[in-house]
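Please read the structure below before turning to the comments.
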Amino acid sequence: MERLRFIKPSQVSEIIDNNSFIAICGFVGIGVPEEILTSIENSFLENGYPNNLSIIFAAGFGDSKSRGLGHFAHKGLLKRVVGGHWGLSPKLGELANNNEIEAYNLPQGVISQMFRDMAAGKPGTVSHVGIGTFIDPDFQGGKLNNITTENIVEKIKLKGKELLFYHAPKIDYALLRGTSADEDGNISFEEEALTLEALSAATAAKNFGGKVIVQVKRKVKRGSIAPKDVKIPGIMVDYIVVSETPENHMQTFNENFNIGYVTNNIAVEETSVKAKLDERKVIARRCAMLLDKNKKILNYGIGMPEVIATILNEEGQEKYFTPTVEPGAIGGTPMGGLSFGATLNATAVLDQPYQFDFYDGGGLDIAFLGLAQCDAKGNINVSKFGPKIAGCGGFINITQNAKEVVFCGTFTAGGLKVEFNNGELKILQEGKVKKFVKEVEQITFSGDIANKNNKKVTYVTERAVFELTKDGLMLTEVAPGIDIQKDILEQMEFIPLISESLKFMKSKIFRDEKMDLIFN
């Protein structure tokens, strides 16, 4: 093991060559090699190297400020970015908008699986994920600006079926993170909330002739890590950085360490959490009513969909369902905010590529995700709004492959105020931004593809429920107390189909008391 070197963070920039292609793992604040990224940023700002780098990452990681991918958001440091989610590093998006970097957004699951395919020496990844969306080369091919011209997504046919072929880059370096490294470079993840695609990325770099640099919390003696606890074997590791700054090796960007994220026997007091009655609770309640005993395996998107879990808890029904989170956790209680991705008392934690195998193969019974923009065809945009590049993340994998999809969000945005009285809804102040538009800015979910696949799709807001039909979006329910013309149709840029059997949403949704929701 003479080739293995333990190095100081400041030495990383001496190893990485200019013009290199780098794979990095992380999810929000989990698994992020923060000490390494900080060192690279400092060297570039002080000495001008390394520079002209290209990076690829599956999930977005950062705090919407300077941590995570924010360390790389400098003109001249980067040449090309291929990423699954951009929203946690807005300055990276600014570089893309200003045509200062080549920029691609590909599905999070595809990139995580691509690392595994690259590790096996394959030229890329073949997937049905992305067909009909902005990833499809018939639309944008995942390109985010004018200077991004190379086609890295190709449409092919296999056995008469249209698929996408995602071209894999040659990886020069993989920047990863674990908890402990022994003297032979074997890496364990005992304090990491997720394993992500670290093993696949390390294998891909090594098999391409690249170098693997791993940040750890501690160095331990040879043989002190049990074989099954080794997540990255020493034969794949070239350099190890032992973190010198505790805040650069936090378990999440919100918590130094929570033992509940790495075990499943933490005692949790069984208390019912009651959400206040507002538009978010109303939407979550209507979404929860779409569940039944045959829909056991779930995925909640971040934000509004998280409230559904609170509703199930409030109604005493959460025990009947198993939540999953796209970076790998199954069961338990998924966390939010800067700890999103971590799960308290998880049943299992898979490597991210395998979680997306489960998703892509149709393993999810139902998925609840956000509704930012919707058009008459039922297309959804959650990935780009004017100059803001959010990115698709795992949204495309999840929505294209779950057996049933529910999009949830307020009917309008920007200042919406509502009140509830005697089981009815009243709009006190309308939101400034219409979400139901003539044409979405970017297709993150394709209504046409959903119809071809006969997928059940529901769109839930605080005042109306829509369903996707072969002829487009159909209004099926309205809230009691709502004026259809004034509060719904005049707040849309298109006229939806209206069901002949248009119903009122249940009045119990709008009352400040339990709904007595029961699944049996």
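For this chain, numbers begin at 1 and follow the sequence in order. All of these numbers come straight from a predicted model, not from anything done at the bench.
Contact detail for S13 and P50: the closest heavy-atom pair is CB-CD, 3.9 Å. Nearest approach of G391 to N105, heavy atoms of both residues: CA-OD1, 3.1 Å. Residues I101 and N145 approach most closely at O-ND2, 2.8 Å, considering heavy atoms. F6 approaches D182 most closely through the heavy-atom pair CZ-O, 3.5 Å. In plain terms, the two heavy atoms of T444 and N381 that are nearest each other are OG1-CA, 3.3 Å.
Around atom NZ of K65, no more than 12 heavy atoms belonging to other residues, nucleotides or ligands sit under 6.0 Å away. Summarising the local packing, NZ of K79 is surrounded by 12 or fewer heavy atoms from other residues, nucleotides or ligands at distances under 6.0 Å. For K91, the NZ atom sits in a loose shell: 12 or fewer heavy atoms of surrounding residues, nucleotides or ligands are nearer than 6.0 Å.
The list of ring pair (Phe, Tyr, Trp, His ring centres under 6.0 Å) pairs with a residue in residues 32-55, not counting sequence neighbours, is empty. Within the structure, every pair that satisfies the salt bridge (Lys or Arg N to Asp or Glu O under 4.0 Å) test and touches residues 188-202, not counting sequence neighbours, is listed here: R177-E192, E190-R218, E191-K217, E191-R218. Screening residues 13-39 for ring pair (Phe, Tyr, Trp, His ring centres under 6.0 Å) gives F27-F340 as the qualifying pairs, with residues at least two apart or on separate chains. For residues 224-240, the side-chain hydrogen bond (donor to acceptor under 3.5 Å, both in side chains) pairs, not counting sequence neighbours, are K206-D238. Pairs passing the salt bridge (Lys or Arg N to Asp or Glu O under 4.0 Å) check and including a residue from residues 30-45, sequence neighbours excluded, do not occur.
For the pair N42 (side chain) and L45 (backbone), a donor-acceptor distance under 3.5 Å is absent.
Two residues are said to be in side-chain contact when any heavy atoms from C-beta on lie closer than 4.5 Å; L69 and F57 meet this criterion. Counting only heavy atoms from C-beta outward, the side chains of Y173 and I15 approach each other to under 4.5 Å. In this structure, the side chains of M114 and I56 come closer than 4.5 Å at one or more pairs of heavy atoms. Taking the side chain as every heavy atom from C-beta outward, F385 and Q442 never approach each other to under 4.5 Å.
F165 and H167 have their aromatic ring centers within a separation under 6.0 angstrom.
A search for ring-ring contact (aromatic ring centres under 6.0 Å, His included) contacts involving F189 returns nothing, not counting sequence neighbours.
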